[in-house]
Amino acid sequence: TELHFKAYSKNVHKAKEFYKFFSIEESQIDSILGSILLKHPSMFNDPMDSPILQDTDNGVPFIEVFNGVRIGCFGEVKQDDEFYLKPKKWSFYGGMHSGICICYDFSEIEIKNEYHLFRRIKYENQFSPTKGVIGGLLSKSMVYNDEDEWRIITYDRNEKNIGSNEMIPIKYSMIRRIYFGFKCDKMIQEKIYNKLKGENIEFFQVHPSEENYYELTCS
């Protein structure tokens, strides 16, 4: 598995932008803006994500060897795809419209762990454990195929605690745009803006359209 991690190209993400929705509280502002969070898949909201490491019948022996796997999930920004105006994403991932969405440029991200990769998810109708561990971590149910997900995955053989997280520091210059949910607390918006003003970052307020309340727009 370590050899497979090292064999993957590390640069395929550099010409792309990525986004992530967050629910957010005041105490989380610094960590959300200054780092990205990677978790063991057993800590995900979806218990069917990464079954290669969660399903006891997956055929992988000594599965505790992979307790050191950590994953961070991001959506790929595609041209003309207004991901920040999709109500379902705000409801599911953006704190029921009270959170934020950040658009990133990870071309200069530094991941110190040599066993890492940054790759696109492959969506499938049925999971097969024959793909191996990395293939299984890059596989997801077809019902999520509209998310265009990419994953940062790292592996540390010495990490035994699946409950611990990995934090990768990022520079503010990697943040391109921030979208505030239309129910995002004004104090949180002001704190984020004051912390990042002077950086080359665009800020948007998302809100229901005047023409159609079922649709979102932003300004």
Side-chain angles (χ1 to χ4, degrees), residues 1-14 16 18-24 27-76 93 102 104-124 127-141 144 147-175:
T1 298
E2 290 175 339
L3 288 174
H4 286 172
F5 269 105
K6 297 183 75 172
Y8 274 81
S9 169
K10 306 302 181 187
N11 300 317
V12 293
H13 64 282
K14 290 195 171 184
K16 302 178 182 296
F18 300 91
Y19 68 87
K20 190 174 184 69
F21 287 83
F22 298 89
S23 58
I24 188 169
S27 61
Q28 300 171 319
I29 290 176
D30 287 340
S31 62
I32 287 177
L33 298 181
S35 61
I36 56 175
L37 175 68
L38 278 64
K39 300 179 179 181
H40 188 273
S42 62
M43 300 291 105
F44 288 175
N45 292 334
D46 181 2
M48 293 182 291
D49 197 319
S50 306
I52 192 75
L53 296 188
Q54 299 204 62
D55 182 359
T56 56
D57 296 322
N58 61 17
V60 178
F62 309 109
I63 198 165
E64 64 276 4
V65 170
F66 300 104
N67 285 357
V69 167
R70 296 293 180 271
I71 299 176
C73 307
F74 304 88
E76 179 185 350
Y93 306 120
I102 300 180
Y104 299 96
D105 174 1
F106 285 138
S107 59
E108 298 182 4
I109 194 170
E110 295 182 6
I111 303 175
K112 295 183 178 180
N113 187 333
E114 64 176 325
Y115 302 117
H116 75 273
L117 55 89
F118 197 159
R119 305 293 287 194
R120 185 196 306 269
I121 282 288
K122 182 176 182 181
Y123 297 97
E124 301 174 302
F127 172 72
S128 171
T130 60
K131 298 176 179 296
V133 173
I134 293 179
L137 296 176
L138 291 172
S139 172
K140 198 168 182 178
S141 169
Y144 297 102
E147 296 183 353
D148 297 311
E149 184 179 330
W150 283 60
R151 290 185 166 179
I152 297 176
I153 306 177
T154 66
Y155 175 63
D156 179 359
R157 67 161 69 182
N158 296 314
E159 179 59 69
K160 308 302 181 185
N161 178 16
I162 62 175
S164 65
N165 299 325
E166 180 175 350
M167 306 290 288
I168 298 178
I170 64 170
K171 300 175 182 178
Y172 290 159
S173 59
M174 295 183 190
I175 298 175

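Position 1 is the first residue of the sequence, and the numbers go up from there. This structure is a prediction, so every number in the text was calculated from the model and none was measured.
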Measuring only between side-chain heavy atoms, which start at C-beta, is [X] closer than 4.5 Å to [Y]?
X      : Y      : result
Glu159 : His40  : no
Arg120 : Lys16  : yes
Val12  : Arg119 : yes
Ile71  : Leu38  : no
Ile162 : Val69  : no
Leu138 : Tyr8   : yes
Phe118 : Arg151 : no
Tyr115 : Thr154 : no

Run the side chain to side chain contact (heavy atoms under 4.5 Å, CB included) check on Leu37 and Met167 step by step: do they pass? CA-CA 5 Å; Leu37 175 68; Met167 306 290 288; 3.3 Å; yes
Parallel, tilted or perpendicular for Tyr93 and Phe21, by the 30°/60° rule?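 Rings of Tyr93 and Phe21: tilted, 30 to 60°.
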Aromatic plane relationship, Tyr104 with Phe106 - under 30° parallel, 30 to 60° tilted, over 60° perpendicular: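 Ring orientation of Phe106 relative to Tyr104: parallel.
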Before you tell me yes or no, could you show the steps for Val133 and Phe5 under side chain to side chain contact (heavy atoms under 4.5 Å, CB included), namely the whole-Å CA-CA distance, both residues' side-chain angles and the distance that decides it to 0.1 Å? CA-CA 10 Å; Val133 173; Phe5 269 105; over 6 Å; no
Quick one: pull up [atom1] in [X] and [atom2] in [Y] and give me the separation to the nearest 0.5 Å.
X      : Y      : atom1 : atom2 : answer
Asp49  : Ser42  : CG    : OG    : 11.0 Å
Ile168 : Ile152 : CD1   : CD1   : 5.0 Å
Ser50  : Phe66  : OG    : CZ    : 13.0 Å
His116 : Lys6   : NE2   : NZ    : 11.5 Å

Side chain to side chain contact (heavy atoms under 4.5 Å, CB included) assessment of Ile153 paired with Ile134: CA-CA 9 Å; Ile153 306 177; Ile134 293 179; 5.7 Å; no
Can the positive tip of Lys20 be found less than 6.0 Å from the middle of the six-membered ring of Phe74, inside 45° of the ring normal?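 Flagged: Lys20 positioned over aromatic ring of Phe74.
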Tell me every residue that passes side-chain contact (heavy atoms from CB on, under 4.5 Å) with Asn11, counting only those two or more places apart in sequence or in another chain.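 Expected list: Ser9, Lys14.
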Pairing donors with acceptors under 3.5 angstrom, does anything connect the side chains of [X] and [Y]?
X      : Y      : result
Thr1   : Arg157 : no
Tyr155 : Glu114 : no
Glu124 : Ser141 : no

What is the minimum heavy-atom distance between [X] and [Y], and which atoms define it?
X      : Y      : value
Ile24  : Ile29  : CD1-CG1, 4.0 Å
Ile121 : Leu137 : CD1-O, 3.8 Å
Phe44  : Cys73  : CZ-SG, 4.1 Å
Gln28  : Ser31  : O-OG, 3.0 Å
Ile32  : Ser23  : CD1-O, 4.0 Å
Met43  : Gly163 : SD-CA, 4.2 Å

Apply side chain to side chain contact (heavy atoms under 4.5 Å, CB included) to the pair Leu33 and Ile170, showing each step before the final yes or no. CA-CA 8 Å; Leu33 298 181; Ile170 64 170; over 6 Å; no
Not counting sequence neighbours, list each pair that qualifies as a salt bridge (Lys or Arg N to Asp or Glu O under 4.0 Å) and has a residue in residues 28-47.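 Sorted pair list: Asp30-Lys195.
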